[in-house]
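Notes follow the structure.
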Amino acid sequence: MPVDIDAAVIANRRLSADYNVLSLAAPEIADAARPGQFVMIKTSAGQDPLLRRPFSIFEILRDRSGAASGISIFNKRVGVGTSLLTRVERGAQLAVLGPLGRPFEPIDPPAEAWMIAGGVGLAPFVTLAAALRARETPTSLFYGARRAEELYCVDLFEALGVRVVLATEDGSRGARGRVTVPLELALRDRPLGNPVKMYACGPTAMMRACARLAADHGRACDVSLEQVMGCGLGGCYSCVVLARSERGGEPHHTRTCIDGPVFDAQRVVWEAVSG
Amino acid sequence: MPVDIDAAVIANRRLSADYNVLSLAAPEIADAARPGQFVMIKTSAGQDPLLRRPFSIFEILRDRSGAASGISIFNKRVGVGTSLLTRVERGAQLAVLGPLGRPFEPIDPPAEAWMIAGGVGLAPFVTLAAALRARETPTSLFYGARRAEELYCVDLFEALGVRVVLATEDGSRGARGRVTVPLELALRDRPLGNPVKMYACGPTAMMRACARLAADHGRACDVSLEQVMGCGLGGCYSCVVLARSERGGEPHHTRTCIDGPVFDAQRVVWEAVSG
Amino acid sequence: MDLSVQIGSLRLENPLIAASGCFGYGVEYADIVDLASLGGIAVKGLFLAEREGHPPPRIVETPSGMLNAIGLQGIGVHRFIRERLPELRRRGATVIVNICGTTLDEYVEIARILSDAEGVHAIELNISCPNIKEGGITFGCSLPGTHGVVAAVRRVTRLPIVPKLTPNVTDVSSFARAAEEAGADAVSLVNTFLAMAIDIHTRRPKLANIVGGLSGPAIRPIAVRMVYECRRAVKIPIIGMGGIAASDDVLEFMIAGANAVQVGTINFVDPFIWARLKDGIRAYMQKHAIARLQDIVGTLDTNAREKAWLST
Amino acid sequence: MDLSVQIGSLRLENPLIAASGCFGYGVEYADIVDLASLGGIAVKGLFLAEREGHPPPRIVETPSGMLNAIGLQGIGVHRFIRERLPELRRRGATVIVNICGTTLDEYVEIARILSDAEGVHAIELNISCPNIKEGGITFGCSLPGTHGVVAAVRRVTRLPIVPKLTPNVTDVSSFARAAEEAGADAVSLVNTFLAMAIDIHTRRPKLANIVGGLSGPAIRPIAVRMVYECRRAVKIPIIGMGGIAASDDVLEFMIAGANAVQVGTINFVDPFIWARLKDGIRAYMQKHAIARLQDIVGTLDTNAREKAWLST
Ligand SMILES: Cc1cc2nc3c(=O)[nH]c(=O)nc-3n(C[C@H](O)[C@H](O)[C@H](O)COP(=O)(O)OP(=O)(O)OC[C@H]3O[C@@H](n4cnc5c(N)ncnc54)[C@H](O)[C@@H]3O)c2cc1C
Ligand SMILES: Cc1cc2nc3c(=O)[nH]c(=O)nc-3n(C[C@H](O)[C@H](O)[C@H](O)COP(=O)(O)OP(=O)(O)OC[C@H]3O[C@@H](n4cnc5c(N)ncnc54)[C@H](O)[C@@H]3O)c2cc1C
Ligand SMILES: Cc1cc2nc3c(=O)[nH]c(=O)nc-3n(C[C@H](O)[C@H](O)[C@H](O)COP(=O)(O)O)c2cc1C
Ligand SMILES: Cc1cc2nc3c(=O)[nH]c(=O)nc-3n(C[C@H](O)[C@H](O)[C@H](O)COP(=O)(O)O)c2cc1C
Ligand code: FES
Ligand code: FES
């Protein structure tokens, strides 16, 4: 059950001109959050901008006693609201609504978990990695960006025992090209007998490619979709994608805020997904 | 010629729950400002609120060399914009347009200058007091508020050699009642031969009373009016009061932003002034 | 304090109604809002059959507002009665069903079906959705059309009928009058303003549907004026809406002439606002010693102003 | 880069026009803006005679907008020609005179007088001021009225005539068509939306005039939609306005179909915006390799969207 908290900004760690990590005091949300869930944040005290903005829960923050004390978000500047969040200062208060959405289902051993992240799509994977680690599921992260400088927080994953595979389009770090290049190689090399569950989040083109690769190689794949969201609670029907129900059948416009953001990739009608 | 400056907030001195003094780095404005002029301030970076708010220039700030380096405003919280200005922090930037409006004309000795201020109406008088001091004009300030705690910055005036006469409605400091009570006594006692120029700023009722007293006692009186202003530059015709021209004749709707805010009290049709 | 409102035969505990399309089918909010504490819930617009609506993008934010072109995606009246109404009934919600039709017969058919369903308290006739070509708006933009659909539905149901008026007309009060004459129990207004936004770099509309409906605080001053005009034109209750974001806004609509209000867009921003709205109204009644909230409806004092006006 | 615009016989250096009533008579801004650098200046609405306008309060801020009920205070056409026009001429301003009438004859009379005045470049017929009872709006809300006033003024002047349309109608494009048929050189839109705001504690209107006109960013999405509709209805140039606050907004109006734009409310907030608007337009033309700004007028690409729509 989501709550709305006036969360104090604990820290705003700038990663680059366009990326920052914002830490927010929100115990109730941190406590209830499950991997891959998101929050709706009011990026200004006034009505400019009017609507909240959706953000994946990046980290669960804990106090000395280990109790969940807050969350962080991994923010990329793309417009009005995300720009405000790059500038917001320690001590400021932000209304944070959550946790929201259908979480990732962490897979159990002996299956392996492969997380595929493109750019800001890295956001939902720290919480998933932690959950997988608790299950002792062998986990890999395939993480791609345009160049080396745009690969962030890799250490967080290494600390969680995740095998990290990097790719940059300019080859400045890791494999050259899209992250799907090393991913495809790994899928080829992987004997079908050894089960793998894929989890993908990133640009639509990347998730579409992951969905195809998963199908080609007969692997299960969940994607976390990012549609424009008006409410995050199922009230406005703004966030739909064309997707089949679990039981298959005709695809329908499905709300990604409550039926997602996590979907089995094969349910989604990718031709209809914008971007 | 007014300029628009992105002024850094140098300091925000809180006087009480509802009053604060905001210091702004705006050398060009400070340099050009004349007594009783005002600025139009954008109280938020976004469009909530949309319009600027008018504020009298309270103090001219000077650097060690004595050069004008900025201005301060004396802010009273009454709504959205003034509330934002109570909270704004050091380092923030505010768009400040000015100096604007027709200034006070400081009178020369042997005449005396009597300034009458009600509440936030104190704002335009520091700059006037300084100008009068330069002319060595004997100056008094009649300053009224509801209670002692709401009388601010009296020291500023004493430092400028101003004789200060206080009044509070609850009698907790100075004379009991409206500021016009001690004012009327002083006018009575003052021989007609000894010229006095009155300058009034405060609630409409107070300025109306000052205008009447000035007329009754045959003294000149300037008032500084505070109408809701959309632009401050004569563009919108929102700020009008019904007033006669200097040459007298029929009263017309007159723009207080460019033909004022300072008016000879006898020009104003007080029945038509709201508030 | 009495916050209740009478809409035809229906009594609402308070004037705060969730606006259609802004509160799903109500059940989506059951975990975070006590549905029975709302004056009513206007559920998402329903056609007879299921409907996919428009492709995304379906919304875009604008200054103090948003455009939407959802295209009335919905599960249809039959599934609504089977799959949603029971929970709404169980939770004690006052249910106002917002219905749409491509033909007059469809409105009549839906109204007939709903009249037999247990737990439906009123019908809001959506004849004002700006962003679907077929149906709806064609009735809402013609006086005979409005009169016709209201009269036809009136014949087949005892449920209170509340036609919802579009602001995209020259004289909204004439439509309120037509609705009253045709037997409406109340009118609700405003629906959204037809509008659009363009991506200047792709030179494409930001909405897949090209145009959409503007809602939110941006439109409030226009909506309040329209409620004020309708109040002077009709006797039946008015349900006012458009940009309500605080209890002061609720009171503004009521003073202008609304007996009840609907709250839409701001519920997206602040789904917990309902309790605060009610508290704010109570505080106002306290402050001004108002025992019955309905006593402020349509009490705008224009004399002072008109005098001022004449005086020049 | 070519930013010029042709309005009938009049050539504007660029599409940026100061909106009537938002820039005084122009002379008020002579110190801070190079008047000759603007595409044009639409001066405050003028009647034949002087006019005091409405008592204050005349404006009130609303979400992302403002209401105004100035009531067309003005010095009348004769004093304007004597006391303001000479300075505007001296400063090389392109002057568009916004005129109002209580009768058809008044419009004709003013137009005749202006035609003989040196330094007047065009006439904007204000038939859309929402906040004065008499005149203006009565022409603007009736198709014959609009056709009649345009045709009558057309007979007495060679100056470009630009009737200014009200958004407070069901189908603004039909009024654009009526204006075109009557011989208008262009149409401008939108004027303000009739609206109101109430002080809930005094229960009085916040404006002395009770109602006023809503302007500012809040209305932009509706205004852009109306320009888009008019573009598809008429061939003559369109001057678009309503809530422009940045160069992106100027371009949005032009892509929707405006040949030029007017900038009103935001000039109150940012009187120095003009240079930035021009820079923003230039940067856009650079980025997209556009040599003639007029080439983007009405180039909204709806195909992609319409396909998407049909696909469901
Ligand atoms: C479930 C979910 C989780 C998300 N998690 C994160 C996250 O962890 N970190 C992060 O930085 N961003 C995340 N996003 C994307 C983020 O919500 C948008 O970037 C943000 O809403 C843009 O707001 P803005 O005001 O900055 O941009 P606006 O000024 O509103 O728009 C600027 C541009 O951004 C585009 N945009 C608007 N909304 C979205 C959206 N939802 N997704 C993608 N593009 C959009 C607009 O179309 C426009 O082109 C997530 C989105 C969803 C739906
Ligand atoms: C020339 C001039 C100089 C001024 N100098 C000062 C000053 O030095 N210090 C200071 O604190 N204030 C000053 N004011 C008043 C100040 O501009 C208003 O209090 C302010 O605009 C209110 O903005 P807001 O957003 O807080 O209130 P809003 O939310 O806009 O309105 C809240 C209430 O304040 C009222 N209000 C709005 N504008 C004014 C106004 N111009 N005057 C009085 N009441 C208004 C509204 O009617 C409303 O009732 C001055 C006004 C003028 C015209
Ligand atoms: C996303 C969205 C969907 C809507 N769907 C409907 C609908 O199905 N039926 C209807 O009558 N009105 C619908 N509306 C209009 C609202 O009910 C309301 O009339 C309008 O939004 C103005 O109120 P607001 O400013 O409080 O949102 C919708 C509005 C929004 C924003
Ligand atoms: C204070 C004010 C005064 C106005 N006066 C006039 C006028 O005299 N004549 C006219 O045709 N339009 C007048 N308008 C309307 C504007 O010219 C313009 O059509 C409207 O404000 C929308 O543009 P904006 O949103 O950029 O302000 C006025 C608008 C405002 C805000
Ligand atoms: S964001 Fe509103 S329904 Fe999904
Ligand atoms: S404030 Fe705009 S004319 Fe005075």
Side-chain angles (χ1 to χ4, degrees), chain C residues 52-55 60 62-65 67 71 141 168-170 193-205 207-212 214 216-226 228 243 245 248 251-253 255-256 284 287-288 296 299-302 304-306 308-309 311-312, chain D residues 52-55 60 62-65 67 71 141 168-170 193-205 207-212 214 216-226 228 243 245 248 251-253 255-256 284 287-288 296 299-302 304-306 308-309 311-312:
Chain C
E52 280 300 317
H54 298 318
V60 55
T62 65
S64 296
L67 306 184
C141 282
N168 301 299
V169 293
T170 309
F193 290 77
L194 191 61
M196 74 191 293
I198 297 170
D199 179 324
I200 61 168
H201 297 292
T202 62
R203 294 198 220 162
R204 290 185 180 173
L207 294 171
N209 186 51
I210 302 171
V211 294
L214 178 64
I219 67 171
R220 191 172 64 238
I222 315 178
V224 170
R225 182 265 301 179
M226 288 178 168
Y228 174 66
D248 285 6
L251 295 159
E252 183 178 27
F253 269 97
I255 293 166
Y284 176 87
K287 177 176 179 189
H288 295 280
I296 72 167
T299 58
L300 183 70
D301 167 14
T302 56
R305 295 310 195 187
E306 306 218 315
W309 189 353
S311 78
T312 55
Chain D
E52 279 299 318
H54 298 319
V60 56
T62 65
S64 297
L67 307 184
C141 283
N168 301 298
V169 293
T170 309
F193 290 77
L194 191 61
M196 75 190 292
I198 296 170
D199 179 325
I200 62 169
H201 297 292
T202 62
R203 295 198 218 162
R204 289 186 179 171
L207 295 171
N209 187 51
I210 302 171
V211 295
L214 178 63
I219 67 172
R220 190 172 63 239
I222 314 178
V224 170
R225 182 265 301 178
M226 289 179 168
Y228 174 66
D248 285 6
L251 295 159
E252 182 177 28
F253 270 96
I255 293 165
Y284 177 87
K287 177 176 179 187
H288 295 280
I296 73 167
T299 58
L300 182 69
D301 167 16
T302 56
R305 294 310 195 187
E306 306 216 314
W309 188 353
S311 79
T312 55

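Chain letters run A, B, ... following the sequence lines, proteins first and then strands; every chain starts at 1.
With chain D as the partner, the residue from C:Leu67, C:Asp199, C:Ile222 showing the most heavy-atom pairs under 4.5 Å is C:Ile222. Contact count versus chain C (heavy atoms, under 4.5 Å) is highest, among D:Pro221, D:Ala218, D:Gly216, for D:Pro221. The residue among C:His288, C:Met226, C:Lys287 with the most heavy atom pairs within less than 4.5 Å of chain D is C:His288. Chain C forms more heavy-atom pairs under 4.5 Å with one residue of D:Val60, D:Thr299, D:Thr62 than with any other, namely D:Thr299.
In this structure, chain C has a heavy atom under 4.5 Å from the side chain of D:Tyr284, while its backbone stays farther away. For a residue to count as touching a neighbouring chain, one of its non-hydrogen atoms must lie under 4.5 Å from one of that chain's; by this rule D:Ile296 touches chain C with backbone and side chain alike. Both the backbone and the side chain of C:Ile200 come within contact range of chain D, each with at least one heavy atom under 4.5 Å from a heavy atom of that chain.
We find the CG-NE2 distance between C:Asp248 and D:His201 to be 5.5 Å, quoted to the nearest 0.5 Å. Atom OG1 of C:Thr170 sits about 12.0 Å away from atom CG of D:Leu194, to the nearest 0.5 Å. Atom CG in C:Asp301 sits 9.5 Å away from atom CD1 in D:Ile210 (nearest 0.5 Å).
Residues satisfying the side-chain contact (heavy atoms from CB on, under 4.5 Å) test with D:Ala256, not counting sequence neighbours, are C:Ile198, D:Val224, D:Val227, D:Tyr228. Legend: residues meeting salt bridge (charged side-chain N to carboxylate O under 4.0 Å, His left out) with D:Arg225, ordered by chain and number and at least two apart, are D:Glu229.
Of all heavy-atom pairs spanning C:Met196 and D:Leu300, the tightest one is CE-CD2, 3.5 Å. Of all the heavy atoms in D:Ala197 and C:Glu252, the pair that sits closest is CA-OE2, 3.2 Å.
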